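Report on one structure; see the data block that follows.
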Amino acid sequence: MLSAVSRASAVRAFSSLAARAEAQHPIKNVTIFGAGFMGAGIAQVSAEAGYNVKLVDVSSAAAEKGVAGIKSNVARDARKKFAELAKTSAEQAAESERKHVEAIVGRIQATDKLESAVAEADLVIEAIVENIKVKQDLFRKLDAHAPKHAILASNTSSLRVTDIASATNRRDRVGGLHFFSPVPVMKLVEIVRTDDTSNDTHAALLDFGKSVKKVTVSCKDTPGFVVNRLLVPLMLEAIRMLERGDASKEDIDAAMKFGANHPMGPLELGDFVGLDVCHSIIEGWHQSYPDVQLFNPSPLLTKLVSEKKFGRKTGEGFYVYPPAAPKPAKK
Ligand code: CAA
């Protein structure tokens, strides 16, 4: 027989377990804000993992454009997936490709309506412009309209997740989910935990990262987390070498590709990520940490950005990208 005291503690333990089980909503519905290259990539891997996805942007045209990009990516993958079948039956392969694309893209809904997009969300992932005020404004609205249990995550690459979370009344359910470009190809996601992120939120974000077939690493809310803290100074050092005339851009890139086995040289990577993005990261860090020399701005980078030479997306950065030949000519 249980004593009154042990009965009371058993009841307490049971009710706290029940409360915990109730509080733990499995993630089924994922809402992504920002239908650009990163947001669309996150939407793609989420839909491929079986989640119901809402992809939100400021206009329905922008959100639809994101879905169109996903459709062509998934169609390319489907052609590879059913290439063997196509050798024996082109018709069956085409039908399988169509069903595969429909199943994945059918799970994604494009919208520009914030309230309805988050009404049933279990996880919201923000991948919008890297501007703290704009992000805080969005998180304030998400906090007001998303269900209480929903986790709010940011894909920020350079801002403090803590500052973004400060706009909400659920700091324990806010964290960073930092994906890499191009999202469907790059295998990593960084799971960023602030001092306020709860253990349950951290665990849910880790599970989500694994469910979208990424390798997960956990990190604190420090500038650039792990990858960008190493990668951005590397790019900056490469730009400084170019500024000093130590080597040509082609030789700097070739050196890191063939001497360090990087898939792209640092200047080519800057063009790929976007020089505007690199510039805004470094400007932000420099303002916050003026004594860290590695974060010093580069006059050449500032010049290219002021000339709107952002890299691949504008057709010119360190290299020129003619529309018909998107890859730079290499030596
Ligand atoms: N979406 C989906 N798939 C894509 C893709 C995209 N946008 N771009 C390329 N792919 C796929 C291709 O279909 C191809 O798939 P298969 O191997 O199955 O055929 C594969 O990727 C390789 O593509 P390509 O042959 O066209 O080109 P590549 O071999 O030169 O690889 C690359 C392209 C994957 C981008 C490679 O150059 C690379 O890994 N570069 C480094 C990328 C990197 O470092 N990213 C991180 C940037 S930092 C960041 O993102 C953080 C931040 O916050 C700024």
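Note: hydrogens, waters and symmetry copies are ignored here, and every other heavy atom, side chains too, is used. Please read these numbers as outputs of a predicted model, since none were measured by experiment. When a ligand or atom number is given, it counts from 1 through the structure's own listing order.
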Subject >> Element-labelled atoms of ligand 1 that are located less than 4.0 Å from some non-hydrogen atom of P263 >> reply: 38 (C), 39 (O), 40 (N), 41 (C)
Original post:
Are V273 and ligand 1 in contact, using a heavy-atom cut-off of under 4.0 Å?
Top reply: yes
Original post:
Centre of F179's six-membered ring, under 6.0 Å away, within 45 degrees of the axis: is that where NZ or CZ of K214 sits?
Top reply: no
Subject >> Salt bridge K135-E130, side-chain N to carboxylate O under 4.0 Å >> reply: yes
Original post:
Below 4.0 Å from any atom of ligand 1, is there a heavy atom belonging to H178?
Top reply: yes
Original post:
Taking the minimum heavy-atom distance to atom 34 (C) of ligand 1, which of V232, V227, V185 ranks first?
Top reply: V185
Subject >> Lys/Arg-Asp/Glu bridge criterion (N-O < 4.0 Å) met for D57, K65 >> reply: no
Subject >> Whether W285 and F295 hold their rings parallel, tilted or perpendicular, with breakpoints at 30° and 60° >> reply: tilted
Original post:
Below 4.0 Å from any atom of ligand 1, is there a heavy atom belonging to R76?
Top reply: yes
Original post:
Between K87 and E84, is there a side-chain N and carboxylate O pair less than 4.0 Å apart?
Top reply: yes
Original post:
Evaluating non-hydrogen atoms only, which member of E268, M264, E130 is closest to atom 37 (O) of ligand 1?
Top reply: M264
Original post:
Does ligand 1 have a heavy atom under 4.0 Å from the side chain of L231, from its backbone, from both, or from neither?
Top reply: side chain
Subject >> Proximal atoms of ligand 1 relative to F37 (non-hydrogen, under 4.0 Å) >> reply: 7 (N)
Original post:
Does E102 come within less than 4.0 Å of K99, counting only side-chain N to carboxylate O?
Top reply: no
**OP:** Check N228 against ligand 1 and report side chain, backbone, both or neither, counting heavy atoms closer than 4.0 Å.
**Re:** side chain
Subject >> Atoms of ligand 1 close to F180 [distance to a heavy atom under 4.0 angstrom, numbered from 1] >> reply: 49 (C), 50 (O), 51 (C)
Original post:
How are the rings of F208 and Y51 set to each other: parallel, tilted or perpendicular (split at 30° and 60°)?
Top reply: tilted
Original post:
Is any NZ, NE, NH1 or NH2 atom of the basic residue among D137 and K141 found under 4.0 Å from an Asp or Glu carboxylate oxygen of the other?
Top reply: yes
**OP:** For N73, counting its heavy atoms only, list the atoms of ligand 1 lying under 4.0 Å from any of them.
**Re:** 1 (N), 2 (C)
Subject >> Proximity of P182 to ligand 1 by residue part, where a heavy atom lies under 4.0 Å >> reply: side chain
